[in-house]
Amino acid sequence: MLVLVLNCGSSSVKYQLLDMPSQTLLAKGLIERIGLKDAALTHAPAGQQRVVRTVSIQNHSDAIRLVLKTLIDPMVGMIQGLDQIKAVGHRVAHGGEMFTHSVVLTEKNLVALEKCSGLAPLHNPANLAGINACLRWMPGVPQVAVFDTAFHQSIPPSAYLYGLPYELYEQDKLRKYGFHGTSHKYVSMRVSEMMGRPLENLKLITCHLGNGASVTAIEGGRSRETSMGFTPLDGLVMGTRCGTLDPALIPYLMEKYGFNTSEVNEFLNKKCGVLGLSGVSSDFRDIETQAGYGNYRARIALDVFVHSVQKYIGSSAAVLDGADALIFTAGLGENSPSMRQAICSRLTYLGLELDPEKNLVCGQEADISTEGSRCRVLVVPTNEELMIAMDTYGLTEQTLTNMER
Ligand code: AMP
C-alpha cells in the first residue's frame with residue numbers, strides 16, 4: 001500500500017512516497033522557497049539521479065499539486081496514477097491537548113485541529129494548508145495527522161504545569177507540551193527491538209540533538225518528561241534557540257534593546273543558542289572546527305551545550321529513578337562521537353560506560369557502551385517520515401481493506 005508523507009513548513013514542502021508495510025522508500029523530495037521567484041523542486045526517485053528544477057510556486061496548494069504531478073511524471077515519477085496512493089500522512093506541529101495520538105482527519109478532527117492553530121501560529125497554518133491542498137487534489141484519499149506533541153500527552157500534570165495561576169491553564173491551555181514526539185517515539189521503539197526487551201519494561205532517556213534539540217524521559221513506552229515546553233524554544237541550548245532562560249530576562253531585553261514582542265521572539269529563536277554564543281555558526285561541525293583552532297567562543301559554546309544536555313539527562317534520570325539506556329539521535333547525536341563522548345563523561349552515576357571504539361560509529365544503529373555498562377548507550381538514526389508512514393498505514397489499512405472486500 002503506497003503512503004505519501006508530507007511535512008509542510010512555512011515556505012517548504014518535504015515529501016516521501018513509501019510502500020507499506022515493507023517500508024520501501026520509492027521517492028523523496030522537497031519544494032523550497034514557496035512564494036519566492038526562485039522556488040525550487042528537488043526530486044529524488046529511489047535508485048535514480050535526483051532532479052533539481054526552478055519552479056513557479058505561489059502557495060502550498062500549488063506545491064502539493066506539483067509534488068503529485070512529479071510523482072506520476074513519465075520520466076521521473078514512480079507511479080502511473082494518483083489512485084495508487086492510498087493514504088497521506090501529514091506532520092502536524094501542534095495537537096494541543098485534543099490529540100493524544102495520530103488520527104484520520106475527519107470533518108470533526110479538522111475543526112478540532114483548526115482550534116489548535118493558535119498554539120503554534122508559525123507552524124500549524126502551513127500544516128493545515130498542506131492538508132487542505134490534499135483534500136482538494138486527492139479527494140477521497142484518507143488523510144492522517146501525526147503530531148509532534150502527541151507522544152508527550154502522557155506527561156503527568158506535576159510535570160506539565162508551570163508555576164502560573166491554574167486559571168491560565170484552564171482558560172488558555174498554558175502548559176508544557178513538548179515537541180519532537182515522533183522522533184522520540186520512533187527511536188524508543190527501535191531501542192526496544194535492538195535490546196530485545198519489551199518497551200513496557202524499559203526506562204529510556206532519548207536525546208534528539210539536531211539543530212533543534214530535546215531530551216525526553218520515557219518509561220514503559222510513555223513520555224514522562226521532556227525538555228521543550230509550551231513552544232520548541234524551551235529546554236536545551238540549541239543551534240539558534242536560547243533554550244531555558246530566567247524569564248525575567250525577556251522584559252529586561254525588551255526594555256534595554258527596545259525589542260517589541262515579535263522582535264524578541266525572533267531574537268530568541270534565530271540569533272541565540274550556539275550561534276549567538278560562538279559567533280561562528282549554528283552548525284556544530286563549524287563550531288567544532290573553530291574550537292579545534294583554539295577559538296574561545298566556539299569552545300565555550302560547545303561547553304555550554306554539553307552542560308545543558310548533561311543537566312537534562314540528569315533531570316530525566318531523576319524523573320525515571322534511573323535509566324536502562326541513553327539514546328542519541330538526530331544530526332549531531334547520530335554523527336558526532338566527540339559530542340557523545342563529552343556528554344557521557346559525567347554520567348558515571350548512571351552506571352554508564354562508553355566504549356571509545358564503538359563510539360566512532362556515525363549515522364547507523366549501534367550499541368556504543370562497554371559490555372559491563374549497566375546503562376546501555378545507543379545511537380539510533382531517527383526517521384520521522386517512516387514513523388508517520390507507520391501510523392498512517394496502521395490507521396488506514398484496515399478500513400481500506402474492508403472497503404476493497
Ligand atoms: P538535524 O537538525 O537533525 O538535521 O541536525 C543538523 C545538525 O547536526 C547540524 O546543524 C550539525 O550541527 C549537526 N551535524 C550533522 N552532522 C554532523 C557531524 N558529522 N558532526 C557534528 N555535527 C553534525
Side-chain angles (χ1 to χ4, degrees), residues 5 7 9-12 14-16 28-30 32 42 44 91 93 122-123 148 178-188 190 206-216 226-228 231-243 269-293 295 297-306 308-309 312 327-345 354 356 358-366 368 378-388:
V5 173
N7 181 356
S10 55
S11 64
S12 69
K14 290 187 195 139
Y15 61 94
Q16 287 196 4
K28 65 176 180 178
L30 160 75
E32 295 171 279
T42 307
R91 181 181 190 183
L122 297 178
H123 299 101
D148 278 7
F179 297 85
H180 291 148
T182 312
S183 174
H184 290 291
K185 181 178 171 188
Y186 175 78
V187 298
S188 67
R190 287 301 311 143
T206 49
C207 304
H208 178 112
L209 308 180
N211 206 7
S214 62
V215 173
T216 295
T226 192
S227 57
M228 284 178 169
T231 73
L233 184 58
D234 198 10
L236 301 171
V237 169
M238 300 176 227
T240 61
R241 293 175 232 166
C242 60
N269 273 288
K270 304 260 172 75
K271 305 269 166 59
C272 295
V274 290
L275 168 69
L277 282 163
S278 68
V280 169
S281 166
S282 62
D283 192 304
F284 283 88
R285 285 164 287 201
D286 301 335
I287 304 173
E288 284 181 355
T289 305
Q290 285 300 317
Y293 293 145
N295 179 324
R297 281 182 57 180
R299 179 74 266 151
I300 204 73
L302 294 177
D303 290 350
V304 170
F305 179 77
V306 168
S308 136
V309 180
Y312 278 98
I327 296 100
F328 288 103
T329 192
L332 183 66
E334 291 165 25
N335 296 302
S336 177
S338 60
M339 185 55 75
R340 293 191 297 251
Q341 197 275 327
I343 292 167
C344 289
S345 67
L354 202 63
K358 292 180 186 165
N359 183 38
L360 296 176
V361 73
C362 285
Q364 65 187 65
E365 289 186 351
I368 57 170
L378 297 127
V379 174
V380 183
T382 193
N383 195 336
E384 291 164 281
E385 289 77 13
L386 179 57
M387 188 76 242
I388 294 171

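First listed ligand is number 1; within each ligand, the first listed atom is number 1.
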Heavy-atom contacts with Gly210 under 4.0 Å: which atoms of ligand 1 show up? List them by number with element.
1 (P), 2 (O), 3 (O), 5 (O)
Ligand 1 atoms in contact with Ala330 (distance to a heavy atom under 4.0 Å)
3 (O)
Among all protein non-hydrogen atoms, which one is nearest to [atom], and what is the separation to 0.1 Å?
atom                    : value
atom 23 (C) of ligand 1 : Arg285 CG, 3.7 Å
atom 7 (C) of ligand 1  : Asn211 N, 4.0 Å
atom 22 (N) of ligand 1 : Leu332 CD1, 3.4 Å
atom 11 (C) of ligand 1 : Asp283 OD1, 3.3 Å
atom 12 (O) of ligand 1 : Phe284 N, 2.6 Å

Geometry only, no angles: is Glu288 polar-contacting ligand 1 at N/O separations under 3.5 Å?
no
Ignoring angles and geometry beyond distance, decide whether Leu209 reaches within less than 3.5 Å of ligand 1 through its nitrogen or oxygen atoms.
no
Would a 4.5 Å heavy-atom cut-off, applied to side chains only, mark Ile368 and Arg340 as touching?
yes
Any protein heavy-atom neighbour for atom 4 (O) of ligand 1 (distance below 4.0 angstrom)?
no
Just by distance, do the side chain of [X] and the backbone of [Y] share a donor-acceptor pair under 3.5 Å?
X      : Y      : answer
Ser308 : Val237 : yes
Arg241 : Asn211 : no
Ser214 : His208 : no
Thr329 : Thr382 : yes

Please check if any side-chain donor atom of Ser336 sits under 3.5 Å from a side-chain acceptor atom of Glu288, or the reverse.
yes
Would you say that more than 12 heavy atoms from the other residues, nucleotides or ligands in this model lie under 6.0 Å from the NZ of Lys358, or not?
yes
